[in-house]
Novice: 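Dropping the structure in here first, questions after.
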There are 2 protein chains.
Amino acid sequence: MLVAALELIDQNGVEGFSVRDLARKLGVFPTAVYWYVESRNALISGAVSHVMKDIRLPKADGNWQEELRGLFRRYRLAVRRHPNVAVVLGAQLVSNESPDPAFIDAILALLEAAGFKDGGLVHAYNVVIAAMVGFVTMEMASRPADDPQGWADAHESHMQSVSAADHPALARHLPRLMKKAFIVRSSSGIEHPLDTSFEAWVRVCLHGLTVLLPAADAAKSKGAVDAKSR
Amino acid sequence: MLVAALELIDQNGVEGFSVRDLARKLGVFPTAVYWYVESRNALISGAVSHVMKDIRLPKADGNWQEELRGLFRRYRLAVRRHPNVAVVLGAQLVSNESPDPAFIDAILALLEAAGFKDGGLVHAYNVVIAAMVGFVTMEMASRPADDPQGWADAHESHMQSVSAADHPALARHLPRLMKKAFIVRSSSGIEHPLDTSFEAWVRVCLHGLTVLLPAADAAKSKGAVDAKSR
DNA sequence: ACCTGAACACCGTTCAAGT
DNA sequence: ACCTGAACACCGTTCAAGT
């Protein structure tokens with residue numbers, strides 16, 4: 001049943017998913033669904049959390065940065081298989097019901113082993129979750145359901161016509177940005193994956209995380225001016 | 001009209017927003033709305049992009065990291081005023097119609113001045129957008145609309161009952177995580193803002209971004225093993 | 001235990017008609 | 001130009017009734 005729901009979401013998006021469609025697909029009266037599930041939202045939650053189920057968790061031994069990199073990649077691949085789910089998964093992350101404690105535990109154990117402590121550990125944890133989910137949610141965001149092709153065409157010509165006088169930097173880099181940059185692109189990450197930018201994102205987040213390690217404070221007090229300022 | 005729509009979204013969420021409610025609020029027949037706007041989605045887009053309108057853009061002169069930090073903070077404050085909009089704003093970012101070119105241009109100019117070049121510039125741009133939007137979208141994500149209080153209670157007791165044997169790291173840090181950590185928390189960022197984690201996030205992203213600077217490659221080629229490795 | 005069937009209170013959107 | 005009014009094809013969800 002949740003599998004059937006997920007298939008429908010893959011076809012029509014979360015917005016376009018209806019209990020009555022699901023009932024039709026299952027060859028049953030719409031109201032029969034309510035014997036198994038409390039509401040449409042619960043159904044969506046269930047289907048969505050199915051996507052997270054098979055993601056292998058990181059191990060606390062080994063290089064913590066490589067473990068996280070692997071986790072981020074696996075999360076992205078899992079979402080790529082059900083891109084319509086990205087929004088809900090990102091916004092609610094295991095929206096309803098049991099948000100697998102093993103998942104949380106694995107990340108905490110990994111970060112602890114890496115040397116994060118106390119408040120820094122909590123921050124590192126939040127950074128990891130946001131990093132894992134943030135980029136992919138944006139990458140997979142789909143264009144307006146109303147008239148995708150019409151929107152894409154209008155958007156593209158709108159972008160092509162930016163004035164070099166008013167927006168020189170944008171005009172200068174436009175060719176490079178058309179299919180590869182958020183906001184500028186007129187397609188979604190399903191049609192045009194942002195592979196290299198994703199890898200850059202992971203690199204940025206993993207490198208940046210070291211700033212939350214206790215050791216970072218010591219290094220900094222040697223007088224280096226860096227992002228910690230202010 | 002878009003203002004009235006935004007007020008309704010603030011009250012009932014995007015999901016709960018209806019054209020007929022809006023018409024009621026404006027003292028007009030539901031169908032009259034369609035003289036001004038093409039569809040419910042266009043209405044939501046318009047209302048949502050209103051939230052982005054007043055955000056001050058960064059300047060290309062001055063410290064690029066401080067400029068970005070300011071932008072991230074302003075974005076967050078703008079979304080905090082209309083938290084229900086976070087999901088749509090995050091997923092679609094200026095979902096329909098003109099995605100203000102000045103905004104894109106300002107970020108590109110800033111990154112160029114900071115020394116990002118070619119492909120690294122595109123990556124840095126994508127990282128900046130994802131960083132700005134990612135954390136805040138997650139932070140403001142609201143709990144299931146069905147029965148928020150019931151969900152929160154169930155979630156909290158579910159979390160309280162994690163087995164220390166099965167999930168030692170989680171159990172050990174639970175008190176610290178309850179109101180401050182993604183997934184674990186049972187409230188949203190509106191009730192319990194994640195201020196310090198947000199600042200940590202910004203620090204991580206800004207520090208991490210330096211890894212995409214051309215200078216970073218030079219420094220790296222001296223033999224340091226770091227996050228660039230695969 | 002599991003499903004049907006009827007019913008309720010909603011939707012977004014169209015189109016012709018009014019002014 | 002701007003709005004009404006009727007109508008269409010949908011919704012999610014309830015509750016009693018069937019088996």
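None of these values were measured; they are calculated from a predicted model. Proteins come first, then strands; the chains are lettered A, B, ... in the order of their sequence lines, and each starts at number 1. Computed over heavy atoms, backbone and side chain alike; hydrogens, waters and symmetry mates excluded.
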Novice: Is the distance between the ring centroids of A/Y34 and A/F29 under 6.0 Å?
Specialist: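 Between A/F29 and A/Y34, which both carry aromatic rings, the centre distance is not below 6.0 Å.
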Novice: Do B/V122 and A/L177 have side chains that approach each other closer than 4.5 Å (heavy atoms only, starting at C-beta)?
Specialist: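 The answer is yes, as the side chains (C-beta and beyond) meet within the 4.5 Å cut-off.
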Novice: Are there more than 12 heavy atoms of other residues, nucleotides or ligands under 6.0 Å from atom CD of B/E15?
Specialist: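 Check fails, neighbour count at 12 or below.
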Novice: Just to be sure I understand the geometry, which residues of residues 13-34 of chain B put a non-hydrogen atom under 4.0 Å away from DNA chain D?
Specialist: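 Per residue number, the list reads B/V28, B/F29, B/T31, B/A32.
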Novice: Taking side chain as C-beta onward, heavy atoms only, is B/R203 less than 4.5 Å from A/L212?
Specialist: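 With C-beta onward as the side chain, the pair touches.
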Novice: Taking atom CD of B/E38 as the centre, does the number of heavy atoms from other residues, nucleotides or ligands within less than 6.0 Å exceed 12?
Specialist: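 Not more than 12 within 6.0 Å, no.
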Novice: Under 30°, 30 to 60°, or over 60°: which ring-plane class applies to A/F116 and A/W64, parallel, tilted or perpendicular?
Specialist: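 Ring orientation, 0 to 90° scale: perpendicular.
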Novice: How about A/K59: does its NZ atom have over 12 heavy atoms from other parts shown lying under 6.0 Å from it?
Specialist: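 Atom NZ in A/K59 is not crowded, with 12 or fewer foreign heavy atoms closer than 6.0 Å.
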Novice: What does the 5'-to-3' dot-bracket notation of DNA chain C look like when only Watson-Crick and G-U wobble pairs under 3.5 Å count, and pairs to other strands show as |?
Specialist: ||.|||||...|||||.||
Novice: Check each of B/V51, B/I9, B/V48 against B/H82 using the side-chain contact (heavy atoms from CB on, under 4.5 Å) test, and report the only one that passes.
Specialist: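 The option that passes is B/V51.
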Novice: Which nucleotide span of DNA chain D, 5' end to 3' end, has atoms closer than 4.0 Å to non-hydrogen atoms of chain B?
Specialist: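 The contact span of chain B on DNA chain D goes from D/dA1 to D/dA6.
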Novice: Between A/D195 and A/R76, does any NZ, NE, NH1 or NH2 come within less than 4.0 Å of an OD or OE carboxylate oxygen?
Specialist: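 So A/R76 pairs with A/D195 through a salt bridge.
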